[in-house]
Amino acid sequence: MISTDSLVRIALDLQLGISHQDRFHRLIQSVRSLLHSDASALLRYEGGQFIPLAIDGLMQDVLGRRFALADHPRMEAIARAGDVVRFPADSNLPDPYDGLIPDHDDFRVHACVGLPLFSDQTLIGALTIDGMNPTQFDGISDEELRLVGALAAAALSNALLLERLARQSSEPLAPSSQNGPGQPEMIGRSPAMDRLRHEIAVVASSELNVLILGETGVGKELIAKAVHQGSPRASAPLVYLNCAALPESVAESELFGHVKGAFTGAIHNRAGKFELADKGTLFLDEIGELSLSLQAKLLRVLQYGDLQRIGDDTPLKVNVRILAATNRELKQAVVEGQFRSDLYHRLSVFPIHAPALRERPDDIPLLAGYFCERCRVSLGLERLRIEPRALQLLGSYDWPGNVRELEHAIHRAAVLARAEQGSQAPALDCHHFNLATGSAPSSSRIPVEQAPQQITAGIGLRTATDAFQLRLIEQTLAAQHGNWAATARALEMDGGNLHRLARRLGLKP
Ligand SMILES: Nc1ncnc2c1ncn2[C@@H]1O[C@H](COP(=O)(O)OP(=O)(O)OP(=O)(O)O)[C@@H](O)[C@H]1O
Ligand SMILES: [Mg+2]
């Protein structure tokens, strides 16, 4: 039985929070003290998935996980119910939190209530309430649970409304908003990530060129996409060009196009990336690798807004916004004469600095959970959890390869754990993460001793071979600083075959 008093207290309490996050946290705390639940979560519903906003009694990595309805029958049941759902204690629907409650690896028989949250009859979220004791919530009526749900719905709907208003005045919004299951999302709640989101929102609405700086693997490409998506050009194309992957001989044609007969091999007229990006955005990745002569040509386009295809004198007008990214110290390259200072100044009107992962350790468990859930789906595992001590280990490592390295580490660990434990409910433990060796092997040759040793008999040659190949490729790739061509050479493999293998192993999309 819940007293009216305590409900009123929650309602008043919700007015006090200074930020949404704070308010959601208070709500979830009140649920615990009111219903004596062992685990609960407030989730927002968006694009076919539930996104945790606040949690209680659950592992920290849950905040980074996304629960797609298609993958989580319990969540789907809550989304479809229209009212309070009480799952029978012996329900055979898998629980999305199974294995994610500290010190309770097995979560088979328990009490579980789901409250769908609505605003104007639209599903906006859910509140899940779990208890270890199967009869824990029997004394609480549906009517009372509906009241709790109504309070949560009001708080959430209010927050969403404010966010929408803020968006209209181009204030920061959660870039998650265009995402659905499987779409990449920018994860992180640290102050550094909040600042980054704010900068993205501010610059996106302008027409300024943007220079995205940061170490390797910090998410510069993700930032470029977010800037484009948040800009008035969002419905026009975002054209990608990797300046490092361009041999000098084809770079100019890639950028500006050519006409038939302009050079040997020019058998058709061909538009360059600039033309393809007309009215949209051109993302020049690894801009620091562009040759000095191409820098000069690029500068001219930026200055005058027109260009010529190779072999053609007719000037073409283009309207293109440039986003450029590099993991080099571009300022230093200017000092050393490797990068034109006039181009640098044109590009760096608005620099965005992507923070290294070690500068925001609080985001590590969230990212780990996010990648874990993705691996779970892509590897077809029923559950996949990270042992608390492994999560601690991840938090204390300094991640020279940043988010990409973390993503690969989780993936590799998941493949190894599956090889060891089977695909039902593998758990990632410390020994699945060989972080020190993964980051900087001194030579590209990987000694056989570093092959996965924990693989036990009876897992099948195919799985074991996959695990070995995955580790070997990742270590070589790390040693070659992410350069696939060099990795193929070091492994004495054909580049195309390496790409196909890497895709099959899930190393590349
Ligand atoms: N905040 C984040 N949330 C979720 N995933 C992220 C985040 N940041 C980066 N990633 C993922 O990490 C990987 C590396 O990111 P990205 O390719 O954008 O790095 P980068 O900064 O361009 O690195 P490089 O300089 O090596 O090209 C990608 O798979 C990306 O989706
Ligand atoms: Mg990149």
Side-chain angles (χ1 to χ4, degrees), residues 49 51-52 61 63-66 174-179 181-200 210-229 238 240-246 283-290 323-330 333 351-375 378 394 399-412 439 474 477-487 502-503 505-509:
Q49 60 183 358
I51 301 171
D61 70 83
L63 278 175
R65 293 186 184 238
R66 272 76 189 105
S176 70
S177 53
Q178 293 103 355
N179 292 317
Q183 291 301 105
E185 185 188 334
M186 204 177 284
I187 299 289
R189 296 179 161 207
S190 56
M193 282 302 286
D194 285 346
R195 263 197 309 279
L196 178 63
R197 285 200 182 86
H198 180 81
E199 286 176 19
I200 291 173
V210 181
L211 181 62
I212 305 163
L213 299 162
E215 293 177 15
T216 184
V218 283
K220 294 186 291 296
E221 196 168 330
L222 222 47
I223 294 172
K225 286 179 182 153
V227 170
H228 174 73
Q229 268 163 20
L238 169 66
Y240 175 88
L241 184 70
N242 187 332
C243 302
L246 287 179
F283 176 35
L284 297 176
D285 203 0
E286 309 212 34
I287 185 91
E289 310 307 314
L290 206 63
L323 309 179
T326 181
N327 51 30
R328 288 180 59 177
E329 282 292 340
L330 215 48
I352 290 185
H353 185 82
L357 188 52
R358 80 188 74 83
E359 291 165 30
R360 45 190 180 98
D362 290 352
D363 288 338
I364 292 173
L366 274 65
L367 283 159
Y370 175 71
F371 292 129
C372 236
E373 186 61 25
R374 295 198 135 205
C375 283
S378 71
L394 297 183
W399 301 107
N402 292 295
V403 183
R404 180 183 296 111
E405 187 183 6
L406 175 60
E407 181 177 5
H408 286 176
I410 298 276
H411 193 101
R412 178 180 52 219
S439 63
E474 285 195 344
L477 192 62
Q480 302 296 339
H481 306 289
N483 184 326
W484 284 95
T487 302
R503 262 202 299 277
L505 295 172
L507 256 176
K508 303 185 96 191

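Only this structure's heavy atoms are used, side chains among them; waters, hydrogens and symmetry mates stay out. Read the numbers this way: they start at 1 and go in the same order the structure lists the ligands and their atoms.
- Among protein heavy atoms, atom 19 (O) of ligand 1 sits closest to Gly219 N, 3.3 Å.
- Ligand 1 places these atoms under 4.0 Å from at least one heavy atom of Met193: 1 (N).
- Contacts of Val218 with ligand 1, taken as heavy-atom pairs under 4.0 Å, involve both backbone and side chain.
- Residue, atom and distance of the protein heavy atom nearest to atom 10 (N) of ligand 1 are Val403 CG1, 3.4 Å.
- Note that CD of Glu405 and CG of Leu477 are 11.0 Å apart. Values are rounded to the nearest 0.5 Å.
- Salt bridge annotation for Arg66-Glu185: present, with a cationic side-chain nitrogen under 4.0 angstrom from a carboxylate oxygen.
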Acceptor/donor pairs from residues 212-221 side chains to any protein atom, 3.5 angstrom cut, sequence neighbours excluded:
unit_1 : atom_1 : unit_2 : atom_2 : d
Glu215 : OE1    : Arg358 : NH2    : 2.9
Glu215 : OE1    : Asn402 : ND2    : 3.0
Glu215 : OE2    : Arg358 : NH1    : 3.0
Thr216 : OG1    : Arg404 : NH1    : 3.3
Lys220 : NZ     : Gly214 : O      : 3.0
Lys220 : NZ     : Glu215 : O      : 2.8

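- Within the 4.0 Å heavy-atom criterion, neither part of Asp363 lies near ligand 1.
- Looking at Arg360, Arg404, Glu221, Arg328 and measuring to atom 24 (P) of ligand 1, the nearest heavy atom belongs to Arg404.
- Ranking protein heavy atoms by distance to atom 7 (C) of ligand 1, first place goes to Leu222 CD2, 3.4 Å.
- Heavy atoms from other residues, nucleotides or ligands lying under 6.0 Å from CD of Glu359 number more than 12.
- Those atoms of ligand 1 that come under 4.0 Å of a heavy atom in Phe371, given as number and element, are 5 (N).
- Nearest non-hydrogen protein atom to atom 4 (C) of ligand 1 is Glu185 O, 3.0 Å.
- Contacts between Glu286 and ligand 1 below 4.0 angstrom, taking non-hydrogen atoms only, are absent altogether.
- In terms of modelled atom types and a separation under 3.5 Å, the side chain of Arg189 and the main chain of Asp194 share no donor-acceptor contact.
- With rounding to the nearest 0.5 angstrom, the OG atom of Ser378 is 5.5 Å from the NE2 atom of His411.
- Distance OH/Tyr240 to NE2/His228: 15.0 Å, rounded to 0.5 Å.
- Taking the side chain as every heavy atom from C-beta outward, Phe371 and Val403 approach each other to under 4.5 Å.
- Looking at atom 20 (P) of ligand 1, its nearest protein heavy atom turns out to be Lys220 N, 3.5 Å.
- Close approach to Leu367 involves these atoms of ligand 1, each under 4.0 Å from a residue heavy atom: 2 (C), 3 (N), 4 (C).
- In this structure, Arg328 pairs ionically with Glu289, as a charged nitrogen and a carboxylate oxygen lie closer than 4.0 Å.
- Protein heavy atom closest to atom 26 (O) of ligand 1, with residue, atom name and distance, is Thr216 OG1, 2.5 Å.
- The shortest N or O to N or O distance between Asn327 and ligand 1 is under 3.5 Å.
- Looking at atom 28 (C) of ligand 1, its nearest protein heavy atom turns out to be Glu407 OE1, 3.6 Å.
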Self-check item: Intermediate values then yes/no, side-chain contact (heavy atoms from CB on, under 4.5 Å), Phe283 and Val227
Solution: CA-CA 10 Å; Phe283 176 35; Val227 170; over 6 Å; no
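- Residue contact annotation: Gly217 has a non-hydrogen atom under 4.0 Å from ligand 1.
- Of the protein's non-hydrogen atoms, the one nearest atom 1 (N) of ligand 1 is Ile187 O, 3.0 Å.
- Remark: side-chain polar atoms of Asp61 are not paired, donor with acceptor, to backbone N or O of Ala368 under 3.5 angstrom.
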